[in-house]
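One structure below.
Keep in mind that this is a model prediction, so the values were computed, not measured. Counting begins at 1 with the first residue of the sequence.
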Amino acid sequence: MPKDCNDICEDGHTSTGVYDIYPYGTITSPVRVYCDMDTMGGGWTTIQKRLDGSVSFNRTWTEYKNGFGSPEQNVWVGNDVIHQLTKENSSSLYVSITLQNGTTLYEMYDGFSISDEAGKYLLFFSGPATGTSGDSMLETEFASTDLSGMFFTTPDRDNDGWNEDHCAAHIKRRGGWWFNACY
C-alpha cells in the first residue's frame, strides 16, 4: 500500500494523474490524490490545487480537516492527511504558481510538516526555501509574514497571529491558511 505519491513513483508508475494512497496505513482508508510524476523527478503528492475559481476555499475547520474538492481539478487534500504524510519523515513542500502569461514560478521548502488537530495543525519548516518565486512563507524580511510556527486558521476558528482581527474571516479571499498577521 503506497503511503504517498513518492511510493507510487518508486514502484515504477511514471504517469502524472490521480492515484489512491494510504497515508493511514490501512486498506480501508484510501485517499484519492493527484500525483505529479514530472516535476523534479516525480513523486509529489498534491495537497492543494486551484486551477480556477469554481471551488470555494471559504470553508469550515471540519472541511479543511477532512479535505474537499476533486484531485483532478481544485482540491484541498485535508489537514489530517497532510499531518499523516508529514509526521514521520522529512517532507518537502513544493509550491508552484503559473501566471496568466504562462510563466511558472516555484519555491521549495525543506523539512515541511504540520501537527495534528489537537496541535491546531501547527506549521513547521526546518530548512531554507529555494526557487524562482521568492520566499513568502518562511524567512521574510518582516516577522509578521513568517508562517513557520503558525496555527491553521479558518473562518470559524481564529488561530492566527494577529490579535486585532481574524484573518480567515476578513481578508478579501476568505479561506483557511496558516496566517500570521493576515499575510
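Going from atom OG of S113 over to atom NE2 of H83 covers 9.0 Å, rounded to the nearest 0.5 Å. The OG1 atom of T154 sits 12.5 Å away from the CZ atom of R59 when rounded to the nearest 0.5 Å. Remark: Q84 CD to I114 CD1 distance equals 10.0 Å, nearest 0.5 Å.
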Inset, instruction - Evaluate the criterion ring-ring contact (aromatic ring centres under 6.0 Å, His included) for residue pair F124 and F112; output intermediate values, then yes/no. - result: CA-CA 6 Å; F124 177 74; F112 161 71; 9.7 Å; no
Inset, instruction - Using the side chain to side chain contact (heavy atoms under 4.5 Å, CB included) rule, take W178 and N159 through it: C-alpha gap first, then chi angles, then the decisive distance, then the call. - result: CA-CA 8 Å; W178 293 273; N159 298 316; over 6 Å; no
Inset, instruction - Step by step, work out the side chain to side chain contact (heavy atoms under 4.5 Å, CB included) result for F179 and L147. - result: CA-CA 7 Å; F179 295 105; L147 300 184; 5.8 Å; no
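Of all heavy-atom pairs spanning N180 and C167, the tightest one is O-SG, 4.1 Å. Contact detail for R50 and V55: the closest heavy-atom pair is NH2-O, 4.4 Å. The shortest heavy-atom contact between G175 and A168 is O-CB, 3.3 Å. In terms of heavy-atom proximity, G176 sits nearest to P155 at N-CD, 4.5 Å.
Using modelled atom types, one finds a donor on one side chain and an acceptor on the other under 3.5 Å when comparing E63 with T60. Side chain to side chain, D52 and N74 meet the donor-acceptor criterion of an N or O pair below 3.5 Å. Looking only at atom types and distance, the side chain of D158 has no donor-acceptor partner in the side chain of T153 under 3.5 Å away.
In the hydrophobic cluster analysis, where Ile, Leu, Val, Met, Phe, Trp and Tyr join through side-chain heavy atoms closer than 4.5 angstrom, M37 is grouped together with L93.
Sorted by first and then second residue, the salt bridge (charged side-chain N to carboxylate O under 4.0 Å, His left out) pairs with a member in residues 9-33 read D20-R32; sequence neighbours excluded. Pairs engaging residues 124-133 under the salt bridge (charged side-chain N to carboxylate O under 4.0 Å, His left out) rule: none recorded [sequence neighbours left out]. Residue pairs that meet the salt bridge (charged side-chain N to carboxylate O under 4.0 Å, His left out) test with at least one member in residues 115-127, sequence neighbours left out, are K65-E117. Note on residues 41-61: pairs passing ring-ring contact (aromatic ring centres under 6.0 Å, His included), not counting sequence neighbours, are W44-Y94, F57-F68, W61-Y121. Judged as a disulfide bond (SG atoms under 2.5 Å apart), not a single pair has a partner in residues 42-88 (not counting sequence neighbours). Applying the disulfide bond (SG atoms under 2.5 Å apart) test to pairs two or more places apart or on separate chains, those with a residue in residues 8-68 are C5-C35.
With a 4.5 Å cut-off on side-chain heavy atoms, V77 and V31 count as touching. With contacts defined as side-chain heavy-atom distances shorter than 4.5 Å, the pair D160/H166 qualifies. Residues I47 and V75 form no side-chain contact, since every pair of their non-hydrogen atoms from C-beta on lies 4.5 Å or further apart. I8 has its side chain out of reach of N6: every pair of non-hydrogen atoms, C-beta onward, lies at least 4.5 Å apart. Using a 4.5 Å heavy-atom cutoff, the side chains of L105 and S96 are not in contact.
Hydrophobic cluster membership of I27, counting Ile, Leu, Val, Met, Phe, Trp and Tyr whose side-chain heavy atoms lie under 4.5 Å apart directly or via other members: M1, Y22. In the hydrophobic clustering, where aliphatic and aromatic side chains (Ile, Leu, Val, Met, Phe, Trp, Tyr) are joined below 4.5 Å either directly or transitively, F151 groups with L122.
Under the rule for a salt bridge (Lys or Arg N to Asp or Glu O under 4.0 Å), E107 has no partner lying at least two apart in sequence or in another chain. Not a single salt bridge (Lys or Arg N to Asp or Glu O under 4.0 Å) links R157 to another residue, sequence neighbours left out. Listed by chain and residue number, nothing satisfies the side chain to side chain donor-acceptor pair (under 3.5 Å) test with T45 (two or more places apart in sequence, or in another chain). The side chain to side chain contact (heavy atoms under 4.5 Å, CB included) test applied to Y34 returns T16, V18, T46, K49, P71, not counting sequence neighbours.
Judged by distance alone, the side chain of T132 and the main-chain N or O of Y106 form a donor-acceptor pair under 3.5 Å. Between the T103 side chain and the L99 main chain, no donor and acceptor come within less than 3.5 Å of each other.
Ring geometry for W76 versus Y64: interplanar angle over 60°, hence perpendicular rather than tilted (30 to 60°).
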